[in-house]
Amino acid sequence: RGPLIEPTVDDPHSSWISFIWDGDDDTRNVAVLGGPATGEFGAKMIRVPNTSLWYRTDRVPNDARFIYRFVVNVSDDLLLPMTPAREDKYFKEYPLRPDPLNPNSVSGNGSRVELPDALPQPWLEPMEAAEQSKNRVTPITEQSIQSNLLKQKRTFQVYTPPNYDRNGARYYLLVLFDGFAFTDRDQIPVPTILDNLIVGKDFPPLVAVFITQTADRNKELSCSEAFADFAAKELVPWVRKTYHVASEASQTIVGGLSLGGLMASYSGFKHPDVFGNVLSLSGSYPWAPGMFEGTSDPNDEPGWLTRQYLKSQQLPVRFFVTAGRFENTFPYGLLGENHRFRDVLQAKGYVVKYSEFNGGHNAISWRGPFVDGLIWLTNNQIRN
């Protein structure tokens, strides 16, 4: 079974992890995507002389949890640090492959690793108390509205908590970009997570909205003023009118992963009167205008949104920002840009909770930080 995990001699808190690939006579190179090695998009493996075996060994913390994949026979120029154009070509030309030695497969041709000290996540499985709550309505409802700002029909899903009551106190509102990632069982099953933690009183009951992105996802989530206006001026007012949720920004959370984390921070920047809390999971703060269109200058400095916060007055927004220690890629260093965003927020006087996790840019790694962020943003003590 793979990968091989062995203890280190000098540190009880880390282990050696060895990835193995059995190639053939036509195998020229193999790389690991999503593992602990940073600085390259695809960490190169080494061939054992006179064999078909390739390997790579890295040192990882014992609480690491992440997804990895293999790519084979990639041209040398595509093993360099990624640009968006290279990344698009990469995934079109080279299929991602799971580890045939690892029985823990995930969707998207990936394999899962959880080291022995990875924190348990009991809230991933439906609990009887949540399933049998009185007055339980269908937890997820498909909805749509016609957007005048975007000039198109937009679809989304709405989650209501156990014992949802239109006559009691108004609920917190959680708005999430990339809705599919937060409802897919194999990614971050938020409805199940919320049921369990609300019944367990880990945080107050809330209503969640999962926005469906279109084929224009990169455009919609790259600090799009039009899309931020849609979320703040059309979607949230509709939800507040239709569901029993709070009207205060202090009880409204906007969040997302990767580009969605960037967009959540931009939405808080543009509409602090609507979104008083931001939940950012590995936000793509290296982004700069033109990056995805191929029109940006290669010498342009990354971190456009960070500079907007630096130049502006402090806004009434609270932040939970998290990133993985395996994420120093994309190509400027996502982890480093999250550090810089955090530092600017703190220097400007924002209330910020920053954390890092021993994982990569994938849903398996984001599940725990998502829960931590909700607990902290709803004024409960964060989990240790």
Could you measure the distance from the CG atom of N358 to the CZ atom of F66? Nearest 0.5 Å is fine.
10.0 Å
Residue pair N277 / R318, side-chain donor-acceptor N/O under 3.5 Å
yes
Got more than 12 heavy atoms from elsewhere within 6.0 Å of CD, Q146?
yes
Would you say the side chains of D11 and T8 form a donor-acceptor pair under 3.5 Å?
no
Assess whether ring-ring contact (aromatic ring centres under 6.0 Å, His included) is satisfied between Y164 and Y171, documenting all intermediate values.
CA-CA 9 Å; Y164 176 66; Y171 295 94; 5.3 Å; yes
Residue pair R47 / T27, side-chain donor-acceptor N/O under 3.5 Å:
no
Using only heavy-atom distances, determine whether the side chains of T155 and S144 contain a donor-acceptor pair under 3.5 Å.
no
I would like to know whether F319 and S265 meet side-chain contact (heavy atoms from CB on, under 4.5 Å); could you show each step before the answer?
CA-CA 8 Å; F319 290 84; S265 296; 4.1 Å; yes
Nearest 0.5 angstrom please: M263 CE to D178 CG, how far?
11.5 Å
If you draw the axis of the six-membered ring of W123, does the NZ or CZ of R367 fall within 45° of it and under 6.0 Å from the ring centre?
no
Under a 4.0 Å N-O cut-off, is there an ion pair linking E337 with R340?
yes
Does the side chain of S282 come under 3.5 Å of the side chain of S258 through a donor N or O and an acceptor N or O?
no
With a 6.0 Å cut-off (strictly less than), is the heavy-atom count around CZ of R1, excluding the residue itself, greater than 12?
no
Quick one about D229 and H271 (side-chain donor to acceptor, distance below 3.5 Å, no hydrogens or angles considered), yes or no?
yes
For Y159 and D195, does a side-chain donor sit closer than 3.5 Å to a side-chain acceptor?
yes
Quick check: Y309 with F341 (ring centres under 6.0 Å apart)?
yes
Before we go on, tell me: are the rings of W238 and F156 under 6.0 Å apart, centre to centre?
yes
Would you say CZ of F269 has more than 12 non-hydrogen atoms from neighbouring residues, nucleotides or ligands within 6.0 angstrom?
yes
Between E248 and R170, is a side-chain contact (heavy atoms from CB on, under 4.5 Å) present by the stated rule, with each step listed?
CA-CA 10 Å; E248 296 87 358; R170 291 189 176 272; over 6 Å; no
Does a side-chain N-to-carboxylate-O contact under 4.0 Å join D186 and R112?
no
Around atom CG of N50, are there more than 12 heavy atoms of other residues, nucleotides or ligands at under 6.0 Å?
no
